[in-house]
Amino acid sequence: MLAGSLDMMILRVLRRGAAHGLFIAQQIEHRSEAVLLVEQGSLYPALHRLESQGLVQSEWGASENNRRARFYKLTPRGRKQITVEISNWRRIVEAVNRAIEPLKP
């Protein structure tokens with residue numbers, strides 16, 4: 001994955017509401033039609049980084065199967081940041097698309 005894209009996808013999943021790590025990873029996999037697989041070794045450092053940046057906050061709760069899990073949710077700052085991240089991402093995608101198009105005579 002490109003640098004920063006995982007953070008953006010995590011924030012996007014959390015825009016729908018609080019979620020635990022496994023659910024976040026499953027949502028990214030599902031929404032990408034299994035093209036993007038997020039491993040724990042990438043996911044949890046990203047969640048901790050987002051938390052230290054004040055974009056998400058976490059608290060302990062019970063998962064669907066009644067196991068103790070850490071739930072993450074967007075902060076107001078995170079809600080603003082996701083809009084910026086998606087806008088930047090779309091600009092990058094458009095630029096890459098232009099760069100790989102054949103040159104027109």
Side-chain angles (χ1 to χ4, degrees):
M1 272 187 235
L2 291 174
S5 62
L6 178 57
D7 292 3
M8 176 188 59
M9 289 184 283
I10 290 170
L11 293 173
R12 176 61 184 93
V13 170
L14 294 177
R15 190 158 71 177
R16 296 185 67 194
H20 56 79
L22 178 60
F23 180 82
I24 294 167
Q26 290 170 337
Q27 284 297 298
I28 292 170
E29 180 179 348
H30 174 74
R31 292 175 62 106
S32 72
E33 297 177 352
V35 172
L36 303 173
L37 305 177
V38 182
E39 296 184 16
Q40 289 183 9
S42 300
L43 178 65
Y44 290 101
L47 284 165
H48 295 170
R49 182 175 53 253
L50 292 168
E51 192 168 21
S52 71
Q53 293 171 351
L55 301 176
V56 302
Q57 61 187 35
S58 65
E59 59 186 32
W60 288 102
S63 67
E64 318 63 57
N65 58 3
N66 217 20
R67 290 189 150 182
R68 191 167 185 240
R70 198 140 184 89
F71 284 78
Y72 298 87
K73 67 179 182 178
L74 287 178
T75 63
R77 184 172 167 207
R79 287 200 178 280
K80 291 178 186 173
Q81 187 64 27
I82 186 57
T83 302
V84 171
E85 295 291 331
I86 289 173
S87 176
N88 289 341
W89 178 257
R90 287 185 174 140
R91 278 199 334 267
I92 291 168
V93 167
E94 289 170 7
V96 169
N97 284 337
R98 286 191 304 273
I100 63 173
E101 286 296 317
L103 293 175
K104 295 179 182 175

Discussion item. Can you tell me which residue among Leu74, Leu14, Leu55 is in a side-chain contact (heavy atoms from CB on, under 4.5 Å) with Leu50?
Written reply: Leu55
Discussion item. Here's a test for you: under side-chain contact (heavy atoms from CB on, under 4.5 Å), which of Lys80, Met9, Met8 qualifies with Glu85?
Written reply: Met8
Worksheet entry | Hydrophobic cluster membership, Leu22 vs Leu43, 4.5 Å side-chain cutoff | no
For the residue pair [X] and [Y], establish whether any side-chain heavy-atom pair is separated by less than 4.5 Å.
X     : Y     : result
Val56 : Leu11 : yes
Arg12 : Arg31 : yes
Arg91 : Asn88 : yes

Discussion item. Restricting to non-hydrogen atoms, name the atom on Ser42 and the atom on Leu6 that form the minimum distance, rounded to 0.1 Å.
Written reply: O-CD2, 3.6 Å
Worksheet item: Above 12 or not: heavy atoms from other molecules or residues under 6.0 Å from CG of Asn97?
Response: yes
Discussion item. Within the supplied structure, the quantity of interest is the number of heavy atoms (other residues, nucleotides, ligands) at a distance under 6.0 Å from Glu33 CD; does it exceed 12?
Written reply: no
Item to complete: Scan residues 47-71 for pairs that pass salt bridge (Lys or Arg N to Asp or Glu O under 4.0 Å), counting only residues two or more places apart or in two chains.
Response: Asp7-Arg49
Worksheet entry | Non-neighbouring partners of Phe71 that pass ring pair (Phe, Tyr, Trp, His ring centres under 6.0 Å), sequence neighbours left out | His20
Practice prompt. May I have all residue pairs that pass ring-ring contact (aromatic ring centres under 6.0 Å, His included) and include part of residues 26-63, sequence neighbours excluded?
Written response: none
